[in-house]
Amino acid sequence: MTIVLEDRDDSAVVRVRLELSAGRHPLTQENADRLEQIFNDLSVRTNLRAVMLMVGAEASPGRADRSVLANDEDKNTHAAIARLRRVCDSIEACPVPVIAVIDGPLSDDACELVLACHIRIASSNARFSLSENQLARVSIDKGIQRLKSVERQRVAVERMREGDHVMADEALLSGMVNRVVPRETLLAEAEAFTCEVTVQAPLAIRACLQAVLGGTELSLEEGLELEAQLFSSLFATEDMREGTSAFLEKRSPVFKGR
């Protein structure tokens, strides 16, 4: 796995590109540290409006080569579990939408990384595989739990079968991904979607993410209270006044994130 960061300090959109080789996609300590640091740094950027996590892999055989597991440079399983969890949590906790742009087959760690994203756009040749059962282990992060949150429980359990790959169209029908587009238009459509996000009210989008992600850990009553607090915090913002004025004046709003 190679990580390429495409960023400018004044940019509202940052691209994080994961270039994967064929077969399994284990997350090394070096890559985990870098990804976690990237998302921790991005989380404090007040001008940021979206992150595109570009994930691509070469075509690989239907059954990935799992011999890497025996030669894993990290023999400490507990450390590997904690490592992937930290990275996935840093992605999920990002205060702006993280949009996974997926091309090619993903397995194991790479699959769990995209499940931690808020939105997933896949090319028609994408496929997904979490091979825990074949490795006689449970998901080393929250992959199964995250999968259950985007698919029905029955489908999530079905996807854990030995040798089962979820094709792009199946993933769309089950809700595992948000959109499936032709491979040749993947980047253009992902950029168009991201552009739609960036012109919306950034404070409201951040609040929506906070309500959704924070609410999953709360009771219904506590979740409703969180939403009320977030709404109240937005009501006095400049963006709220701009949105109201733009609606009354029948023009497009220009949000400034304050």
Side-chain angles (χ1 to χ4, degrees), residues 5-18 35-55 85-102 112-121 141-142 145-146 149-150 175 177-179 189-247 251-258:
L5 177 63
E6 300 177 6
D7 180 25
R8 297 194 319 269
D9 288 341
D10 60 344
S11 177
V13 179
V14 169
R15 290 186 185 185
V16 182
R17 190 183 302 276
L18 305 185
L35 269 178
E36 185 182 8
Q37 187 62 56
I38 285 172
F39 279 94
N40 286 343
D41 291 344
L42 293 177
S43 69
V44 298
R45 286 262 292 270
T46 56
N47 65 321
L48 190 66
R49 301 212 177 176
V51 178
M52 297 176 71
L53 185 66
M54 324 283 290
V55 189
R85 179 176 295 122
R86 285 197 308 270
V87 178
C88 288
D89 286 350
S90 69
I91 294 173
E92 190 174 62
C94 189
V96 301
V98 181
I99 302 162
V101 185
I102 307 155
E112 300 211 34
L113 291 175
V114 302
L115 286 174
C117 296
H118 307 128
I119 298 164
R120 288 164 291 279
I121 302 175
D141 184 52
K142 299 176 184 176
Q145 286 77 11
R146 287 189 173 107
S149 73
V150 294
V177 300
N178 301 84
R179 294 186 183 184
E189 297 208 33
E191 287 180 336
F193 179 86
T194 304
C195 185
E196 292 175 13
V197 171
T198 61
V199 298
Q200 302 302 315
L203 296 180
I205 289 177
R206 287 174 179 247
C208 284
L209 280 177
Q210 188 176 345
V212 171
L213 297 175
T216 59
E217 307 295 330
L218 302 175
S219 67
L220 176 60
E221 183 177 349
E222 292 169 331
L224 292 173
E225 176 60 26
L226 174 61
E227 288 185 15
Q229 292 173 2
L230 291 169
F231 177 80
S232 298
S233 69
L234 292 172
F235 200 77
T237 63
E238 184 178 320
D239 278 357
M240 182 73 170
R241 293 191 292 273
E242 166 62 11
T244 303
S245 298
F247 176 78
R251 61 175 175 82
S252 297
V254 179
F255 298 113
K256 298 180 180 178
R258 57 177 185 257

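FYI, the numbering just counts along the sequence from 1.
Atom-to-atom distance recorded for Gln200:CD and Ile205:CD1 is 5.5 Å, nearest 0.5 angstrom. For the atom pair CG of Asn178 and CD1 of Ile99, the computed distance is 9.5 Å after rounding to the nearest 0.5 Å. Taking CG from Asp7 and CD1 from Ile38, the interatomic distance works out to 9.0 Å, rounded to the nearest 0.5 Å. Here the straight-line distance linking atom NE2 of His118 with atom SG of Cys208 works out to 12.0 Å at 0.5 Å rounding. Note that the CZ atom of Phe231 and the CE atom of Met240 stand 5.0 Å from one another [nearest 0.5 Å]. Separation of atoms CZ (Arg85) and OG (Ser90) is listed at 13.0 Å; rounding is to 0.5 Å.
Take Glu238 and apply the salt bridge (charged side-chain N to carboxylate O under 4.0 Å, His left out) test, not counting sequence neighbours, and it matches Arg258. Residues passing the salt bridge (charged side-chain N to carboxylate O under 4.0 Å, His left out) test with Arg179, sequence neighbours excluded: none. Applying the side chain to side chain contact (heavy atoms under 4.5 Å, CB included) test to Asp41 and every residue at least two apart in sequence or in another chain returns Gln37.
Heavy atoms only, all atoms of each residue included: Cys88 and Leu113 are closest at SG-CD2, 4.0 Å. Of all heavy-atom pairs spanning Phe255 and Asp239, the tightest one is CE2-O, 3.4 Å. Residue Arg206 comes nearest to Arg45 through the heavy atom pair NH2-O, 3.0 Å, listed as atom of the first residue, atom of the second, then distance.
A side-chain contact (heavy atoms from CB on, under 4.5 Å) with Ile91 is found for one member of Leu42, Val114, Leu115, Val98 and no other, namely Val98. Residue Cys117 forms a side-chain contact (heavy atoms from CB on, under 4.5 Å) with just one option from Ile102, Leu53, Val177, and that option is Leu53.
Side-chain atoms of Ser11 never come within 3.5 Å of backbone atoms of Val14 as a donor-acceptor pair (strictly under, hydrogens ignored).
At least one side-chain heavy atom of Leu35 sits less than 4.5 Å from a side-chain heavy atom of Val16.
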